[in-house]
Protein chains: 4
Amino acid sequence: MAQSDTVTRILDTAEVLFAERGFAETSLRNITSKARVNLAAVNYHFGSKKALIQAVFSRYLDPFTQRFHTALDELEAQHEGRVIPLETLLETMATTVLAVPAERNSLKVFMRLLGLAYSQAQGHLRRHIQQEYGDVFTRFTELVRQATPDLPDAERFWRLHFMLGTVIFTLSGLDALRDIAEKDYHEQVTVRDLVRRLRPVVVAAMNAPLPPALEEGKYANAQAS
Amino acid sequence: MAQSDTVTRILDTAEVLFAERGFAETSLRNITSKARVNLAAVNYHFGSKKALIQAVFSRYLDPFTQRFHTALDELEAQHEGRVIPLETLLETMATTVLAVPAERNSLKVFMRLLGLAYSQAQGHLRRHIQQEYGDVFTRFTELVRQATPDLPDAERFWRLHFMLGTVIFTLSGLDALRDIAEKDYHEQVTVRDLVRRLRPVVVAAMNAPLPPALEEGKYANAQAS
Amino acid sequence: MAQSDTVTRILDTAEVLFAERGFAETSLRNITSKARVNLAAVNYHFGSKKALIQAVFSRYLDPFTQRFHTALDELEAQHEGRVIPLETLLETMATTVLAVPAERNSLKVFMRLLGLAYSQAQGHLRRHIQQEYGDVFTRFTELVRQATPDLPDAERFWRLHFMLGTVIFTLSGLDALRDIAEKDYHEQVTVRDLVRRLRPVVVAAMNAPLPPALEEGKYANAQAS
Amino acid sequence: MAQSDTVTRILDTAEVLFAERGFAETSLRNITSKARVNLAAVNYHFGSKKALIQAVFSRYLDPFTQRFHTALDELEAQHEGRVIPLETLLETMATTVLAVPAERNSLKVFMRLLGLAYSQAQGHLRRHIQQEYGDVFTRFTELVRQATPDLPDAERFWRLHFMLGTVIFTLSGLDALRDIAEKDYHEQVTVRDLVRRLRPVVVAAMNAPLPPALEEGKYANAQAS
DNA sequence: CATGAATGAGATTTCATTCAT
DNA sequence: GATGAATGAAATCTCATTCAT
């Protein structure tokens with residue numbers, strides 16, 4: 001009880017502050033004082049600030065990974081070896097991402113954290129994530145490959161990352177963008193709203209015509225539709 | 001000359017370090033020692049670390065803004081009041097973005113900085129950019145509006161940011177992605193390559209079918225195609 | 001059993017770490033984690049870090065004191081009131097010192113600890129040793145006095161400490177010196193080797209001619225031979 | 001002036017506190033508060049605690065090394081290629097050691113520091129000293145070799161270290177020993193006193209008969225007199 | 001008998017900034 | 001116009017010890 005309480009309070013506070021200000025701008029003092037916990041507790045329970053950062057991510061990514069694997073298992077079972085359509089795959093991923101933090105009403109925090117993981121200079125974090133959670137991403141990528149057999153491998157790689165950028169950038173900067181949108185268009189934007197808007201865009205982007213081929217390494221307008 | 005030299009050396013060093021590690025993780029000591037400049041020089045010449053950060057951005061954004069205005073002037077002159085096609089607008093923006101840091105071979109740095117501006121907790125920076133460079137973005141947005149008359153305003157707003165995310169995320173994380181791409185697909189990826197790949201994706205995304213309306217009909221302007 | 005086990009493991013680990021790094025540089029965490037024992041166990045079993053340090057010494061000094069008293073008893077019995085020669089006394093001490101840690105193959109550790117006791121700022125330790133083990137040293141000193149009747153008391157005092165320094169310094173720094181000796185002279189040096197080398201040196205030092213008296217005749221008992 | 005003042009105050013305070021309590025037991029806070037200097041000043045001027053420790057040593061060892069080289073130059077000039085007697089060499093060393101801290105009346109501190117350098121776990125310090133000041137010791141050793149041609153090399157090595165132990169142990173523990181000596185023998189012991197007492201002891205030790213050879217004749221160079 | 005949790009104190013180090021020159 | 005010195009604040013982390021169970 002006592003332990004769980006302290007550890008949980010630290011994690012809850014840390015994820016919010018990290019999401020708000022980033023890792024470097026959030027001191028252990030900020031976290032522990034807001035969590036009303038002894039300053040040394042972070043080091044006692046987690047060992048270091050780096051380990052705390054990783055723990056914050058694991059609390060989201062562990063259940064996500066598990067659910068996503070399960071969801072993909074089900075999909076594969078349903079399709080009995082047939083190719084799973086791209087839209088189904090994207091839908092499944094979106095659903096799983098949304099499901100994880102649903103109970104804690106903290107999708108925004110999760111997305112901010114993901115964005116930070118990419119943009120902030122935390123090599124240890126990127127390594128940790130790649131190492132712990134790379135498998136499920138590889139599995140997903142392979143299914144996408146089967147769903148888009150006409151796309152050259154390199155093109156698919158880049159388009160997936162284009163879309164990753166779209167999603168992470170949008171969702172992690174959600175607050176600022178939402179403010180503007182509300183001011184200018186009088187919209188109350190929810191995350192589900194955004195997902196609804198994202199779906200056709202992502203599908204269209206993945207299915208866009210191929211770019212003109214390169215001409216002997218340089219650029220020509222020959223097109224390989 | 002001597003002063004200009006010091007200032008330039010500081011800016012050159014700062015932009016590289018900021019791009020590599022972010023703002024908080026880069027200390028003035030890092031900058032001044034790498035630039036072989038006195039520690040107090042930053043505060044002497046720029047007043048504060050915040051002002052230095054803004055100066056780094058201004059060095060890119062001032063010429064960009066100027067060129068972009070000029071380019072849009074020319075476009076409008078050419079089309080004599082007729083609507084400028086979306087692809088022309090995007091092409092012009094891409095060209096201008098690429099032109100600015102061309103001489104310094106530092107597009108990657110520029111993009112990293114833009115990414116940081118969005119993702120890091122530097123309120124002062126976001127305010128500074130909005131205030132100084134909001135005009136040209138507003139002008140561009142208006143031209144895009146004319147080029148996509150069927151797109152609801154809110155939808156256009158979000159799709160522009162989706163694409164902004166794609167571009168910034170991709171170009172700012174260029175090095176890491178490039179490494180993977182080269183390893184997996186034996187491609188030598190150049191920035192121009194990426195732009196070539198981005199063009200059809202962005203166009204397709206902007207022209208994607210509208211999302212289905214929300215059930216409750218809450219938002220009048222979200223209309224099915 | 002369980003308790004004895006824990007206590008022994010702590011002592012075994014502590015003496016090694018203390019000898020390697022000194023007292024202040026060895027934390028209770030170091031000790032308990034290496035001994036795979038609960039962090040609180042040291043305070044539980046010994047009360048404090050200081051008490052642990054003293055316990056480490058007692059484990060060596062208690063049996064040493066006992067054996068040395070016994071050995072001196074035997075010597076006195078053999079000599080039936082006659083003076084015991086200096087070399088016999090030294091030999092007996094050396095034998096006893098070597099005997100104590102023999103079973104644990106840790107003479108080096110013992111000597112390092114003795115050296116630390118003198119050189120590190122552990123007032124409590126020096127007081128503890130003096131108080132607990134001063135008697136046997138006093139007894140030995142008195143026998144040495146009888147064996148060297150021509151030596152002024154002060155001179156004897158200093159020379160005994162000179163030799164104490166020789167022995168402790170050499171044996172406590174044994175590892176480093178042994179490395180050098182092996183590298184430069186291709187010798188495999190054992191402790192018994194060193195004792196063999198020490199014997200004639202110590203005897204010669206104790207029997208060295210007296211130093212010249214101070215000019216002012218300050219000290220009557222310091223007389224040239 | 002200002003700089004020299006702060007740096008000097010730090011060094012003066014640090015050497016006293018280090019000598020009294022050892023390195024680990026002396027915190028930078030102790031030093032800076034006693035020196036009435038800002039806490040950050042140590043890191044500003046020296047970079048780290050380790051560097052401060054080394055600086056404290058250098059302040060003694062640099063002039064010592066210089067003077068000792070000069071003194072040996074003079075000795076060699078006087079003897080015009082002839083062997084310099086052992087006692088002259090020892091006398092010269094003693095004189096030089098005494099001369100260095102004379103002006104600062106801090107021989108005791110110097111000796112304590114030397115003792116600490118050997119006994120405390122400061123690998124960096126031992127490396128620093130060996131690297132910076134090894135040369136002069138090598139030169140001295142070579143002269144001692146010429147002065148004691150009958151001594152096997154290994155024997156000379158060990159005897160030199162025996163004597164080093166004597167000197168360092170005695171002089172570094174001077175305070176405690178002096179207290180006892182004064183109490184028991186009503187002597188006012190000065191450092192020069194001790195040197196006077198040490199001289200015949202060291203000479204006798206160096207000239208002691210060789211130890212008996214090892215039974216197995218393992219070491220050819222350990223030869224009975 | 002033993003331990004996991006917790007804590008207050010204090011360690012070293014780094015920071016952006018200021019100031020006298 | 002520029003800089004070396006200095007500094008107050010705050011960073012992370014480690015420490016020996018205590019306490020409830």
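Each chain gets a letter, A, B and so on, in the order its sequence line appears, and its residues count up from 1. Since we're looking at a predicted model, the values are computed, not measured.
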Please report, rounded to the nearest Å, how far the P atom of F:dT7 is from the CG atom of D:D5.
11 Å

Flag side-chain contact, heavy atom, 4.5 Å: D:L61 against D:S58:
no

Of the nucleotides F:dT17, F:dG4, E:dT17, which has the atom closest to the C:S48 side chain?
F:dT17

Which residue lies toward the 5' end of DNA chain E, C:V37 or A:L39, if each is placed at its nearest nucleotide?
C:V37

Send over the distance from D:N43 CG to F:dA11 C1', rounded to a whole Å.
13 Å

Side-chain touch C:N38/C:Y44, heavy atoms, less than 4.5 angstrom
no

Closer to the 5' end of DNA chain F via nearest nucleotide, is it A:N30 or C:K50?
A:N30

Watson-Crick or G-U wobble partner for F:dT21, using a 3.5 Å limit on both distances?
E:dA2

Do B:S27 and B:N30 pair up side chain to side chain, a donor and an acceptor below 3.5 Å, judged on atom types alone?
yes

Toward the 5' end of DNA chain E, which comes first, D:T26 or C:A40, by nearest nucleotide?
C:A40

Given E:dC15, is OP1 or OP2 found less than 4.0 Å from the side-chain N or O atoms of B:S27?
yes

Return the 5'-most residue of the pair A:R29, A:Y44 with respect to DNA chain F, ranking by each residue's nearest nucleotide.
A:R29

Relative to each other, are the rings of D:Y60 and D:F110 parallel, tilted or perpendicular (30° and 60° limits)?
parallel

Watson-Crick or G-U counterpart of F:dA16, or none if no pair lies under 3.5 Å
E:dT7

